[in-house]
Student: 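Take a look at the following structure, please.
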Amino acid sequence: MGCQRLLCAALGCYSRHARFGLFNSPQNADNIWRGILQNRSLWTRSSSGGRVHYVSSRITVDTGPSSRALLHAGLQQTTSTQPLKDVVLFQHDRTKFFRLLALFCGGQLLFWAYLADFAYTGLRDTRGATEQGKGDVATTVLTGAWSFEMNLGSDAWRYGFTLGCLAIGAGIVGLGVLLCRRSVNQVVLHKGGKMVTVATQSPLGPDRGRRITIPLSQVTCHTHRGECQSFIPLRVKDHKFNFFLDKEGTLNNAKLFDITVGAYRPL
């Protein structure tokens, strides 16, 4: 309990002095540690077994190496841009949604492929029949100068319908794939704070998506997360389109996200 209160006091000092860079090194953290204990009117110093103890009317604080390491670890975890281990800044699993999207895109592809096959094989040229008077002439529903005969079996109409259906089906599938490859499942800041991994969504599972590991200097957010309504746009160098972080996801460390991945950088 004593270490927890001391750590809270140290973090309170950080909130007042972080802008001046007092926590850039473990030596500065040691100075803060000693500054907390400098008021001799509240603390009584004693030593035993090579360890120094400070006793007050409420708590007892051990200033041994393990306690100092605890303070350093707490400061590193909450404020440092160079974490001692990998930190998951953002995570949002939408596997069920993208499985439904994959089924929708697959169904649309089959539907438009069927229409394309029907247009290519089912439409017949009716020019010979209409010339002999054995067939009905197809016309537009418009009247006047805009009314004209339509031979849906001609090469122009047949190939046009076929290519149009294939283009619509391929376009729907392409949009689904693009949305899947640009929706972010996880953002990881690696040990040392120099590299970032962006993992995208996948209908096959949260760990089966595309993973991009790039330097932190090649990632930027042109819009602050507080100004975004639904998605946070994340720009990665040498990629044409933005990546999108759903705001319904979890930001495990919002402050660290703002000063690392969420910061603006000119690319």
Side-chain angles (χ1 to χ4, degrees), residues 4 7-8 10-26 28-29 32 70-98 178-202 205-267:
Q4 290 180 350
L7 180 59
C8 292
L11 294 179
C13 293
Y14 165 77
S15 65
R16 295 190 299 271
H17 301 291
R19 69 180 65 183
F20 301 106
L22 298 182
F23 288 89
N24 294 333
S25 65
N28 290 338
I32 297 298
L70 177 62
L71 174 63
H72 294 162
L75 295 176
Q76 290 275 355
Q77 181 179 3
T78 55
T79 64
S80 177
T81 59
Q82 299 179 355
L84 300 179
K85 61 180 181 179
D86 294 350
V87 178
V88 179
L89 298 179
F90 173 85
Q91 58 184 0
H92 187 44
D93 184 14
R94 302 192 66 190
T95 302
K96 294 182 179 180
F97 170 79
F98 283 96
L178 181 63
L179 178 61
C180 185
R181 291 174 68 87
R182 287 297 181 267
S183 297
V184 176
N185 173 48
Q186 194 178 69
V187 177
V188 180
L189 180 64
H190 290 285
K191 179 180 178 181
K194 300 297 183 181
M195 304 296 292
V196 176
T197 293
V198 179
T200 60
Q201 303 282 354
S202 173
D207 297 328
R208 302 294 297 275
R210 182 186 182 190
R211 301 183 70 87
I212 305 172
T213 301
I214 62 294
L216 179 62
S217 59
Q218 298 183 5
V219 179
T220 181
C221 278
H222 292 285
T223 305
H224 190 269
R225 60 184 177 87
E227 301 175 357
C228 304
Q229 298 296 329
S230 301
F231 297 93
I232 304 173
L234 186 68
R235 181 70 175 175
V236 178
K237 189 176 181 180
D238 297 331
H239 289 75
K240 293 183 179 180
F241 302 100
N242 290 338
F243 291 84
F244 295 99
L245 283 67
D246 196 333
K247 294 196 71 173
E248 293 182 357
T250 303
L251 279 175
N252 297 320
N253 195 327
K255 292 184 178 180
L256 184 59
F257 177 87
D258 290 339
I259 61 178
T260 54
V261 177
Y264 172 76
R265 300 177 184 85
L267 298 181

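Just so we're clear, the structure is a prediction, and the values are computed from it rather than from any experiment.
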Student: Check Pro83 against Gly193 and note the closest heavy-atom contact, atom names and distance.
Tutor: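 Between these two residues, the closest heavy atoms are CD-N, 3.8 Å.
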Student: List the steps and the verdict of side-chain contact (heavy atoms from CB on, under 4.5 Å) for Asn252 and Phe257.
Tutor: CA-CA 9 Å; Asn252 297 320; Phe257 177 87; over 6 Å; no
Student: Would Val187 and Leu189 satisfy side-chain contact (heavy atoms from CB on, under 4.5 Å), going step by step from the backbone distance to the final call?
Tutor: CA-CA 7 Å; Val187 177; Leu189 180 64; over 6 Å; no
Student: Under the criterion side-chain contact (heavy atoms from CB on, under 4.5 Å), I'd like the reasoning laid out for Leu245 against Arg225: C-alpha separation, chi angles, the key distance, then a yes or no.
Tutor: CA-CA 10 Å; Leu245 283 67; Arg225 60 184 177 87; over 6 Å; no
Student: Quick check: closest heavy atoms across Val198 and Leu234, and the distance to 0.1 Å?
Tutor: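 Residues Val198 and Leu234, closest heavy atoms: CG2-CD2, 4.1 Å.
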Student: Tell me, yes or no, whether the heavy-atom count around Arg208 atom CZ, taken from other residues, nucleotides or ligands under 6.0 Å, exceeds 12.
Tutor: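 It does not: Arg208 CZ has 12 such atoms or fewer within range.
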Student: Which atom names give the shortest non-hydrogen contact between Cys228 and Thr223, and what distance separates them?
Tutor: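 In terms of heavy atoms, the two residues are closest at SG-CG2, 3.6 Å.
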Student: Carefully, step by step, assess Phe97 and Ser183 under the rule side-chain contact (heavy atoms from CB on, under 4.5 Å).
Tutor: CA-CA 11 Å; Phe97 170 79; Ser183 297; over 6 Å; no
Student: Do the side chains of Cys221 and Arg235 get nearer than 4.5 Å, heavy atoms only?
Tutor: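 SC-SC contact between Arg235 and Cys221 ruled out.
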Student: Which atom names give the shortest non-hydrogen contact between His222 and Tyr264, and what distance separates them?
Tutor: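 Heavy atoms only, the tightest pair is ND1-CE1, 3.1 Å.
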Student: From Asp86 CG over to Leu89 CG, what is the distance, rounded to the nearest 0.5 angstrom?
Tutor: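 The CG atom of Leu89 is 10.0 Å from CG of Asp86, to the nearest 0.5 Å.
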Student: Is a donor on one side and an acceptor on the other found under 3.5 Å between the side chain of Asp246 and the backbone of Phe231?
Tutor: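 No, because the side chain of Asp246 does not come within donor-acceptor range (under 3.5 Å) of the backbone of Phe231.
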Student: I need the Arg210 CZ to Cys180 SG distance, nearest 0.5 Å.
Tutor: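 It comes to 11.0 Å.
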Student: Minimum heavy-atom separation for Leu216 to Val261, with atom names?
Tutor: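 What the structure gives for the nearest pair is CD1-N, 4.0 Å.
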Student: What distance separates Arg94 CZ from Ser202 OG, expressed to the nearest 0.5 Å?
Tutor: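 Taking CZ in Arg94 and OG in Ser202, the distance rounds to 14.0 Å.
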Student: Are the side chain of Arg265 and the backbone N or O of Val219 linked by a donor-acceptor pair below 3.5 Å?
Tutor: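 Here the side-chain-to-backbone pair exists.
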Student: Quick one: CZ on Arg211 to CG on Asn185, what's the gap to the nearest 0.5 Å?
Tutor: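 Arg211 CZ to Asn185 CG: 8.0 Å, rounded to 0.5 Å.
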Student: Looking at Lys194, I'd like to know if its NZ atom is crowded, meaning that more than 12 non-hydrogen atoms belonging to other residues, nucleotides or ligands lie closer than 6.0 Å.
Tutor: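 No - once you tally the heavy atoms of other residues, nucleotides and ligands closer than 6.0 Å, there are 12 at most.
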Student: Please confirm whether the backbone N or O of His92 pairs with a side-chain atom of Gln201, one donor and one acceptor, at under 3.5 Å?
Tutor: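 Yes; at least one donor-acceptor contact below 3.5 Å.
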Student: To the nearest 0.5 Å, what is the distance between OG1 on Thr197 and CD1 on Ile212?
Tutor: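 Between Thr197 OG1 and Ile212 CD1, I get 9.5 Å after rounding to 0.5 Å.
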Student: Between atom CD of Gln186 and atom CZ of Phe90, what is the distance when rounded to the nearest 0.5 Å?
Tutor: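 The distance works out to 10.0 Å.
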Student: Kindly give the heavy-atom pair with the smallest separation between Phe243 and Val184, and that separation in Å.
Tutor: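 Here Phe243 and Val184 meet closest at CB-CG2, 3.7 Å.
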